[in-house]
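I have a structure I would like to understand better, so I am pasting it below and will then ask my questions one at a time.
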Amino acid sequence: MGDRNLSDFFQSYIKKQSIFINKKVLQDQHTPSEILHRKEQLGQIASVLAPCLRGEKPSNLFIYGKTGTGKTLAMKYAQGELESVAKDNNLPLQIIYTNCKMKKIAATEYRLIAELGRALGVDIPPTGLPTDEVYNIFFNRVVQAKALILVILDEIDVLVAKNSDEVLYNLTRMNADLQGASLSIIGISNDLRFTELLDPRVRSSLSEEELVFPPYNAVQLQDILRKRSTEAFKTNAIGPGVIEKCAAYAAREHGDARRALELLRVAGEIADRAESEQVGIEHLDLAEDKIEHDRMLEVVQTHPKQHQVVLLSMLRSPTHQGVVQTGTVYDTYRELCAPVGLRPLTQRRVSDIIGEFDMLGIINAKVHSFGRYGRTRNISVQIPSSLLPTVNAILQDALHLPRI
DNA sequence: AGTCCACAGGAAGGGCAGGCGA
DNA sequence: TCGCCTGCCCTTCCTGTGGACT
C-alpha cells in the first residue's frame with residue numbers, strides 16, 4: 001500500500017459507517033446503569049453493608065462465584081450507591097476497592113497496606129519502611145479518620161496465594177483498638193476452595209457473611225446481551241438469532257457473561273470490517289474462532305522455551321492416525337534440543353509439560369493401554385489446521401530454528 | 001494365571017532466583 | 001549488603017497399572 005492509498009484508506013475509514021454506537025458498553029470496565037438478574041445478590045450485599053450508614057460496623061463479607069458472574073460488577077455498583085448516600089448524608093464512610101491481581105498492589109503485604117494507606121490519603125513510600133511501620137501508619141490513619149472503612153479485596157485468593165493469610169488476620173484483628181473507627185473486609189473470589197487454606201480464625205471472621213453468585217443461564221445471558229447491545233449497536237444491527245446463539249455459547253462455558261459480551265463485540269468488529277450492516281450468525285462463528293485462535297497463539301507465544309520445544313516436538317513427531325505417544329514425542333524432543341541449544345529435560349518432566357498443554361486444550365492426551373506393548377498417553381494436537389502454519393512459524397522463530 | 005511393556009504419576013529433595021528482614 | 005526463606009522448576013527414585021501375550 002503506497003502513501004496515497006494509505007491516506008485514502010484512513011479517509012474512508014473515518015467516513016465508513018460503523019454498526020457500533022458505543023463499543024465501550026461491551027467492554028470489561030463498563031459499569032451498566034442497571035444490573036440484570038442480580039437483584040437478590042444486590043439485596044443481600046445491601047443488607048449486609050447498610051449498617052454502615054447508621055455508623056455501625058458492617059459484617060465482613062465473602063463473595064464467591066465463577067468468572068463472569070457479576071461479582072465485581074455488583075460490588076462496584078453497591079459501592080457507588082453507598083458512597084453517594086453517605087455523601088448526601090455527610091457520613092464518614094470510606095470504601096477502598098483493590099484488585100489483588102494487580103502486581104503492583106498485592107504482591108506483598110507491604111504493598112497492599114501501603115496501597116490502602118494511600119487510598120486514605122497518607123503518603124507511604126513504595127519501599128524502605130519495615131512492614132510493622134506501614135501497619136502503624138495505616139492504623140493511625142484509620143483511627144484519625146474516625147471513619148467506617150470498607151476494604152474490598154477483589155480476587156482475594158491471589159493475595160493469599162502470594163503472601164499468606166497473615167495480612168487478612170492482621171486486618172481483621174485491627175478492629176479491637178480502633179477507638180470508634182472501624183474496618184470491614186469484603187473479599188471477592190472465584191475460587192471457593194481457597195477458604196480451606198485459611199487459618200480457621202481468619203476464615204470465620206472473613207466469612208461472617210457469605211454470598212454466592214451462581215452462573216447465568218442462557219436466558220439471563222440473552223437479557224444481558226440484549227440490554228447492552230441496544231446501547232452498543234445501532235438499531236437493527238444485530239441479526240436474527242445472534243443473541244440467542246451468543247448466549248448459548250457462553251452458557252455452555254459456565255455462564256460467563258464476560259465471554260458472551262466479548263464474543264458479541266468481536267463479532268461486531270468482524271462484521272464492521274466486512275462492511276456488513278448487520279452482525280450475523282456467520283460473524284459470530286468467526287468471532288468464536290478468532291477468540292479461540294488468539295488464545296492459542298497467546299499460549300504458544302508466552303510459554304518458556306522448554307515448553308515450546310515440547311510443543312514443536314508434538315507437531316513434528318510422526319503420527320499414527322493423528323495420534324502420537326509420549327515416547328515418540330520424547331525422542332523427537334531430545335533430537336530438537338541440540339539445534340535449539342537446550343539441555344534436554346527428563347521424560348518425567350516432559351510428561352508433566354505434556355499434561356500442562358492438555359489442561360490448556362492445546363492438545364488432547366488420553367492414557368491408553370496397549371497391553372503387552374505398554375501404557376502411554378495418546379496425544380492428538382488440537383490446534384486447528386488453519387492455525388498450524390502460524391504456530392509452526394512462531395515456534396521456529398522463537399527457538400531460532402530454520403523454517404520448515 | 002502370570003508376565004511384562006511403556007509409560008503414568010506420586011514423593012522427596014536439589015538448586016536456583018527473587019524477595020525478605022536485619 | 002548479607003544471609004535466610006520461599007516458591008518454582010526439575011531430577012531421582014519409585015510404585016502402579018491395563019491388557020495383549022504366553
Side-chain angles (χ1 to χ4, degrees), chain A residues 100-117 124-139 155-171 191 193-194 196-199 202 299-300 302-314 317-338 340-381 398-399:
Chain A
C100 303
K101 215 175 194 168
M102 310 293 277
K103 259 214 169 97
K104 290 155 276 173
I105 295 177
T108 67
E109 209 173 334
Y110 182 108
R111 285 191 201 169
L112 178 74
I113 303 300
E115 181 63 28
L116 296 181
I124 299 178
T127 174
L129 302 176
T131 308
D132 287 5
E133 184 63 20
V134 183
Y135 269 109
N136 275 331
I137 296 174
F138 176 65
F139 180 83
E155 315 221 29
I156 193 171
D157 44 324
V158 178
L159 176 71
V160 174
K162 279 199 179 137
N163 306 282
S164 69
D165 50 9
E166 222 178 286
V167 206
L168 296 179
Y169 181 69
N170 291 335
L171 282 176
D191 180 10
R193 286 168 310 157
F194 118 94
E196 291 164 17
L197 305 174
L198 295 176
D199 181 303
V202 177
V299 168
V300 171
T302 53
H303 265 64
K305 277 202 169 158
Q306 286 287 6
H307 293 231
Q308 291 177 329
V309 181
V310 173
L311 181 57
L312 191 60
S313 308
M314 291 191 280
S317 290
T319 60
H320 183 67
Q321 289 169 355
V323 165
V324 215
Q325 271 108 49
T326 307
T328 321
V329 171
Y330 189 64
D331 291 343
T332 317
Y333 164 79
R334 287 194 71 102
E335 282 169 28
L336 266 175
C337 276
V340 173
L342 284 175
R343 191 179 50 82
L345 303 174
T346 56
Q347 181 161 328
R348 178 72 189 81
R349 178 66 189 134
V350 170
S351 172
D352 278 347
I353 294 175
I354 291 173
E356 286 170 40
F357 279 119
D358 186 27
M359 291 253 293
L360 290 166
I362 305 289
I363 59 164
N364 191 333
K366 275 206 200 78
V367 285
H368 186 280
S369 176
F370 292 90
R372 182 63 241 280
Y373 304 104
R375 221 165 90 95
T376 178
R377 274 197 287 222
N378 268 347
I379 302 163
S380 58
V381 177
L399 301 170

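In the text below, chain A, chain B and the rest are named by the order of the sequence lines, each starting its count at 1. These numbers come from a predicted model, not from an experiment.
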Figure out the CG/C1' separation between A:Leu342 and C:dC9, and round it to whole Å.
14 Å
Have a look at A:Gln347 and say if it touches a base, only the backbone sugar-phosphate, or nothing, with a 4.0 Å heavy-atom cut-off.
sugar-phosphate
With no hydrogens and no angle check, just 3.5 Å: does a side-chain donor-acceptor pair link A:Ser317 and A:Thr328?
no
Of the non-hydrogen atoms in A:Ile363 and A:Val381, which two are nearest, and what is the gap between them?
CG2-CA, 4.1 Å
Within the pair A:Ser351 and B:dC7, is there a side-chain N or O less than 4.0 Å away from OP1 or OP2?
no
Which nucleotide in the list B:dA6, C:dT11, B:dG9 gets nearest to the side chain of A:Arg377?
B:dG9
Using atom CG of A:Asp352 as one end and atom C1' of B:dG10 as the other, report the distance to the nearest whole Å.
10 Å
Rounded at 0.5 Å granularity, tell me how far OH in A:Tyr333 sits from CD1 in A:Ile354.
10.5 Å
For every nucleotide of nucleotides 14-22 of chain C, 5' to 3': is a protein heavy atom under 4.0 Å from its base (B), only from its sugar-phosphate (S), or from neither (-)?
--BBBBBS-
From CD1 of A:Ile354 across to P of B:dA8 the rounded distance in Å is 7 Å
Rounded off to whole Å, could you give me the CD-to-P distance for the A:Gln325 and B:dA8 pair?
10 Å
Choose from B:dG9, C:dC10, B:dA8 the nucleotide whose nearest atom is closest to any side-chain atom of A:Arg348.
B:dG9
Quick one: pull up CG in A:Leu345 and CD1 in A:Ile353 and give me the separation to the nearest 0.5 Å.
5.5 Å
Minimum-distance nucleotide to A:Thr346 side chain [options: C:dC10, B:dC7, C:dT12]:
C:dT12
Distance check needed: B:dG9 C1' versus A:Ile353 CD1, whole Å only.
15 Å
What's the CZ-C1' distance between A:Arg349 and B:dA11, to the nearest Å?
16 Å
A:Glu356 has an atom CD; how far is it from atom P of B:dA8, in whole Å?
14 Å
Taken to the nearest whole Å, CG/A:Asp331 to C1'/B:dC7 is 13 Å
Is a side-chain donor-acceptor pair under 3.5 Å present for A:Ser351 with A:Arg377?
yes
Rounded to the nearest 0.5 Å, what separates atom CG in A:Leu342 from atom CD in A:Gln306?
4.5 Å
Short side-chain donor-acceptor distance under 3.5 Å, A:Gln325 and A:Tyr373:
no
